[in-house]
Amino acid sequence: MRNGNGETRPRGGRWTWTALGALAALAAAPAAAQDEFDGRPINYTIYGGTAFDGYETNIQIIGGTVRPAGTGLRPMAGLSVYRLGYRNAGASTNVFAVNPSVGGGWFTPDGQVSAMVGYSFVNEDVPVPVFGGGGGSSGLTTAVQGLYWGADPDVEAIAAYSWEPEYLWTNAVVAQPVMAMGNGTLSLGVDGVYETQMIENGTSAYSLGPAVRWSNDLNLGVTLAGGYRKAEARDATWYVRLGAAFYQ
């Protein structure tokens with residue numbers, strides 16, 4: 001068993017998806033098998049993480065999701081809380097938000113597809129840094145996700161759109177288990193992100209780098225990633241992401 005049983009990556013609206021995707025796919029695990037082994041009526045995920053880049057941008061997030069256990073079509077609900085920090089016109093800016101979301105997905109022993117609709121309650125309207133779609137105003141969020149872990153390597157793909165401030169974020173991750181380590185499994189992979197403001201004169205950015213993931217049969221996954229980051233009209237820089245998730 002590669003990563004234990006339970007939910008895969010947490011789901012949510014703009015901030016759940018953008019932050020956790022940016023945290024390089026916290027962990028991948030069989031999404032629908034938990035109830036088949038221990039009879040639990042629900043599956044849930046608790047997650048948290050942080051990310052930094054050379055543009056002096058950082059984010060911290062914590063949240064969770066819940067859904068009825070089992071395969072096939074299942075409803076889902078999620079909630080995340082985050083803090084985003086960056087520099088705007090030379091001054092430090094902090095954004096705080098809460099993002100409840102609901103949706104549904106199709107779950108199998110080997111993968112899943114899901115979609116969520118949420119609303120991001122932001123404490124203040126701020127400009128949008130090119131970092132996970134951050135900033136903007138409170139507003140509607142939508143996201144879709146597809147995961148497959150039926151064979152090596154694991155493949156994950158996400159697209160998230162924030163209707164305010166019209167920001168598209170996409171992420172793809174490929175992770176290959178390479179060796180047993182302690183009571184878990186070590187995986188090596190590649191993480192890529194492309195994001196863009198879908199407005200006139202909007203900016204875009206991309207990130208690409210390796211990821212190291214450790215996961216165990218207790219349904220815990222920890223991922224560290226870092227590498228190259230380039231925003232439009234800015235010099236290239238670096239990024240580092242650390243995240244953890246617990247599934248049940």
Side-chain angles (χ1 to χ4, degrees), residues 1-12 16-17 20-21 23-49 63-80 101-117 142-160 170-192 211-223 225 243-248:
M1 188 184 309
R2 189 172 309 143
N3 295 327
N5 298 310
E7 286 281 29
T8 56
R9 181 203 297 249
R11 285 164 290 275
T16 301
W17 289 83
L20 288 175
L23 291 172
L26 297 179
Q34 187 71 28
D35 62 302
E36 298 174 5
F37 293 95
D38 58 20
R40 283 191 174 92
I42 63 171
N43 289 150
Y44 63 86
T45 303
I46 301 172
Y47 56 85
T65 62
V66 63
R67 70 171 178 85
T71 57
L73 185 64
R74 292 290 185 272
M76 299 187 299
L79 178 68
S80 64
S101 57
V102 295
W106 184 267
F107 297 85
T108 76
D110 296 328
Q112 71 174 76
V113 291
S114 58
M116 299 289 282
V117 177
T142 54
V144 295
Q145 178 185 33
L147 304 178
Y148 178 69
W149 52 85
D152 296 335
D154 293 333
V155 178
E156 312 176 15
I158 297 173
T170 63
N171 175 227
V173 178
V174 178
Q176 174 67 49
V178 294
M179 64 180 293
M181 186 175 181
N183 63 344
T185 300
L186 182 71
S187 298
L188 301 179
V190 177
D191 168 62
V212 179
R213 173 186 298 162
W214 181 83
S215 53
N216 65 14
D217 291 343
L218 299 177
N219 306 327
L220 173 66
V222 180
T223 298
F246 176 74
Y247 317 103
Q248 195 59 273

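The structure presented is a predicted model; accordingly, all values stated were derived computationally and were not measured. Position 1 is the first residue of the sequence, and the numbers go up from there.
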> Taking all atoms of both residues into account, what is the closest heavy-atom pair of Ser80 and Tyr47, and its distance?
Replying inline: CB-OH, 3.4 Å

>> Would you say that Gln176 contacts Leu188 through its side chain, given a criterion of any heavy-atom pair below 4.5 Å between the two side chains?
In response: no

> For the atom pair CZ (Phe107) and OG (Ser114), what is the distance rounded to the nearest 0.5 Å?
Replying inline: 6.0 Å

> Any side-chain heavy atom of Leu186 within less than 4.5 Å of one from Met179?
Replying inline: yes

>> Nearest 0.5 angstrom please: Leu220 CG to Asn183 CG, how far?
In response: 9.5 Å

>> Can a donor-acceptor pair be found, under 3.5 Å and without considering hydrogens, that links the side chain of Arg213 to the backbone of Val222?
In response: no

>> To the nearest 0.5 Å, what is the distance between OG1 on Thr45 and CZ on Arg67?
In response: 8.5 Å

>> Is there a side-chain contact between Gln145 and Gln112 in this structure, where contact means two heavy atoms from C-beta onward sitting under 4.5 Å apart?
In response: yes

>> Within the 4.5 Å heavy-atom criterion, are Val117 and Ser101 side-chain neighbours or not?
In response: no

>> Donor-acceptor pair, distance only, cut-off 3.5 Å: does the side chain of Trp214 make one with the backbone of Ser187?
In response: no

> Does any non-hydrogen side-chain atom of Pro75 lie less than 4.5 Å from one of Pro68?
Replying inline: yes

>> To check you understand the geometry: which heavy-atom pair defines the closest contact between Thr71 and Pro109, and what is its length?
In response: CG2-CD, 4.2 Å

> Are any side-chain N or O atoms of Asn171 and backbone N or O atoms of Gly192, one a donor and one an acceptor, separated by less than 3.5 Å?
Replying inline: yes

> With a 4.5 Å limit on heavy-atom distance, are the side chains of Thr185 and Asn216 in contact?
Replying inline: no

